[in-house]
Each structure stands twice: as C-alpha cells, then as structure tokens.
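The block underneath contains the structure these notes are about, expressed in structure tokens.
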Protein chains: 2
Amino acid sequence: MNISDVADKSGLPAKTIRYYEDIGFIKPKRLPNGYRDFENVELHKLAFIGRARSLGFSIEDCRTLLELYNDTSRASADVKQVAQHNLKEIEDKIADLKAMHATLSHLIDECAGDHRPDCPILDSLGNTVLTKSLS
Amino acid sequence: MNISDVADKSGLPAKTIRYYEDIGFIKPKRLPNGYRDFENVELHKLAFIGRARSLGFSIEDCRTLLELYNDTSRASADVKQVAQHNLKEIEDKIADLKAMHATLSHLIDECAGDHRPDCPILDSLGNTVLTKSLS
DNA sequence: CATAGGGCCTCCAGCAACTGGAAGGTCAAG
DNA sequence: CTTGACCTTCCAGTTGCTGGAGGCCCTATG
C-alpha cells in the first residue's frame, strides 16, 4: 500500500504521514524503488492517531496512548488518566474562551458601529492598563 | 523609561516587548549606550496590544486595531467588524471544544478505569476508522 | 580602583504540528 | 518517447513567543 492510499484511508495528508514517520510513530517498509510500503497495522495506527488528534490529544499524548495501545497488559485506568487530563485541559480552554467571549461581546454591544470615530472597543483596550500604570 | 520598567507596567515580558519592536509595533528611541528608551505612548501601545492579545486577537488583528487606534478619523464600524470577526472565531473554537468534550467524557464514563486491560477509550480510538477503511 | 551583580544588547535556535515548495527519481499510459 | 502523476528528500515557513550564549554597561561595595 503506498502513501496516497494510506492518506485516503486514514484521512491524513501524505505530508503528515511522512511527518509521523519522522517522529517515530510508524516505520513503514520500503520498496526497492524507495517508496514507502504500508501494511494494515500502520494504517491502523495512523487512523488511531488521527482520531486522537481530532479529540485534542497532543502528539505526546498520542505517543503515550500508542504505547498503552500496544501494551496488552496495561490497565484501563492508565488510559483513563490520560483522557481525564486531556478533558480537564479542554474544560480550561472552554472557560478561557467564554471569558473572552463575554468581555468582547460586551464591548461590541456598546459600540455603535457607525461612522463616528468614537469607539468603546478601542477605548477599553487602550485605557484599562493605562489607568493602572500611568496615573 | 527602560525595558524592565515597561515590562512591569505593561505586564509583558521584556523578550516579548523586543519581539513587538521586531515586528514593527513600536519604535522606541535609543540612548547613547544602545538601551531602549520608552515613552508613555509606547507603553500605552504595548498595554493595548497585551490586552487585545489576552482577548484572543491575533498579531495581525492587533496590527489592524493599532492602525485604527492611531487613525482618529476611523469609523467605529471598522473596529466593530474586526471584533465581531474575532468573536465568531471564539464561538467556533468553543463549539469545537464542546464537541471534543462530549465525545471524550462519554468515553471516560464508559471506561472502568481499573486494572483490567480492556478499555473502551482505546477501542474507540482504534476502531472507528478501522471499520470504515479496512472492512 | 577592581570586581561582583545586575541589566541591557544582539543573534541564533527551538517549541507545536505541521505545510509548502524545490529538485529530482519512478512509473504507467498513449 | 513523452507526458503527467506519483514518489522521494530536504529546507523553509507558519504563530507568537521563549531560552540561551556571548558580550557590553552601570552601580555599589571593599
């Protein structure tokens, strides 16, 4: 199986697959002409990584998950811990974004959005720290 | 005012301030010994950028906002448009993260988290695409 | 006056996680 | 035989900094 087949089936770009080889996720065999020759196990791993990445796991998380995946004697608790850590990070990011959203939408509501140069958004961005530091 | 004062007052690390000079946000004067010599207007701009960055505006957004900020004849509508575009991106990110959160917390709930090797999290990561591509 | 400690300078490298492009080998079809 | 689609490697760029090396500069203390 060559790289474009694997790209199609895994949903990952060929570039990304080569990158994943570079960082040691897979080690496909080579044909005499130098082309990579993938087997199902590599496709399987790539699909696994792609799905984990889409769930927000970092590359290092994926490395850990792959090891756990390959280790048939691992405890499910180990995997759960990685997943829970990831879940917490997702929750933190959501909280941050919601705070940004609240502030920004408040500013936008206050802005007339017309042709006058007066703008509460810029005023707020400029003044908040100014009053704190330049008083 | 030297760089560490500005770092303290703006809340930005000195490294970041030098970086912001590199990319053209500020152009502080230099003392005869080569040290940067900041005036209030630069501190003001840095604080502005810092606050915009913390609200999720990209560097390029900040460049646009700074131009609008410096242009006293601009219409507040221009600023509002940048802010609204940014708000939409924040909303999209929140939606993505919520979807990840739902999937991941579902998987975590199903995982026993004990010493048995059986783990629905890994099963799901491994099988979803497998069934699609290797059937 | 020498020295120790900070602070400041520039430049180079690296983080994540790819992505794009150049330069070139390979292969199958017409 | 040529065309065009593959494949290869390697290098550079992306975003927004951050760390470190190597080296001035400035002040304070003995």
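Fair warning: this is a prediction, and the values are worked out from it, not measured in the lab. Numbered from 1 within each chain, the chains take letters A, B, ... in sequence-line order.
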I'd like a list of close polar pairs between nucleotides 9-13 of chain C and the protein, N/O only, cut-off under 3.5 Å.
| from | atom 1 | to | atom 2 | distance (Å) |
| --- | --- | --- | --- | --- |
| C:dC9 | OP1 | B:Arg36 | N | 2.8 |
| C:dC9 | OP1 | B:Arg36 | NH1 | 2.8 |
| C:dC9 | OP2 | B:Arg18 | NE | 3.0 |
| C:dC9 | OP2 | B:Arg18 | NH2 | 2.9 |
| C:dC9 | OP2 | B:Arg36 | NH1 | 3.2 |
| C:dC9 | O5' | B:Arg36 | NH1 | 3.3 |
| C:dC9 | O3' | B:Arg30 | NH1 | 3.4 |
| C:dT10 | OP1 | B:Arg30 | NH1 | 3.2 |
| C:dT10 | OP1 | B:Arg30 | NH2 | 3.1 |
| C:dT10 | OP2 | B:Arg36 | NH1 | 3.2 |
| C:dT10 | OP2 | B:Arg36 | NH2 | 2.7 |

Exercise. Using a cut-off of strictly less than 4.0 Å, decide whether A:Tyr20 has a side-chain nitrogen or oxygen near OP1 or OP2 of C:dA17.
Key: no

Quiz item: Taking atom P of C:dG20 as reference, at what distance in whole Å does atom OH of A:Tyr19 sit?
Solution: 15 Å

Quiz prompt | Atom-pair distance (CG on A:Leu31; P on C:dA28), nearest Å | solution = 11 Å

Quiz item: Can you tell me how far P of C:dT19 sits from CD1 of A:Ile59, to the nearest Å?
Solution: 11 Å

Practice problem: Provide, to the nearest angstrom, the distance between the CG atom belonging to A:Asn2 and the P atom belonging to C:dC27. | Solution: 12 Å

Practice problem: Test salt bridge (charged side-chain N to carboxylate O under 4.0 Å, His left out) on B:Arg63 and B:Glu60 and set out the steps. | Solution: CA-CA 5 Å; B:Arg63 207 181 292 278; B:Glu60 284 317 300; 3.3 Å; yes

Quiz item: Does A:Glu21 CD have over 12 foreign heavy atoms under 6.0 Å away?
Solution: yes

Exercise. Look at B:Glu42 together with B:Arg36 and state whether they make a salt bridge at an N to O cut-off of under 4.0 Å.
Key: no

Quiz item: Does a donor on one side chain and an acceptor on the other come within less than 3.5 Å for B:His85 and B:Gln81?
Solution: no

Practice problem: Write down the distance between CZ (A:Phe25) and C1' (C:dA16), rounded to a whole number of angstrom. | Solution: 12 Å

Quiz item: Distance from A:Thr103 atom OG1 to A:Ile108 atom CD1, nearest 0.5 Å?
Solution: 11.0 Å

Quiz item: Between B:Asp22 and B:Arg18, is there a side-chain N and carboxylate O pair less than 4.0 Å apart?
Solution: no

Practice problem: Please check the phosphate of C:dA16 (OP1 and OP2 only) for any side-chain N or O of A:Ser58 closer than 4.0 Å. | Solution: no

Quiz prompt | Within residues 88-99 of chain B, residues whose heavy atoms come under 4.0 Å of DNA chain D | solution = none

Quiz prompt | Interatomic spacing from CD1 in B:Ile17 to CG in B:Leu46 - rounded to 0.5 Å | solution = 5.5 Å

Practice problem: Would you mind telling me which residue lines up with the more 5' stretch of DNA chain C, B:Ser4 or A:Pro13, judged by nearest nucleotide? | Solution: B:Ser4

Exercise. Quick one: pull up CD in B:Glu91 and CD in B:Gln84 and give me the separation to the nearest 0.5 Å.
Key: 10.0 Å

Quiz item: So, B:Asn86 side chain and B:Gly56 main chain: donor-acceptor pair closer than 3.5 Å or not?
Solution: yes

Quiz item: Shared ILVMFWY cluster between B:Leu55 and B:Phe25, side chains joined below 4.5 angstrom?
Solution: yes

Practice problem: Name the first nucleotide and the last nucleotide along DNA chain D (5' to 3') that come under 4.0 Å of a heavy atom in chain A. | Solution: D:dC6 to D:dC10

Quiz item: Transitively linked via ILVMFWY side-chain contacts under 4.5 Å: B:Val41 with B:Ile23?
Solution: no

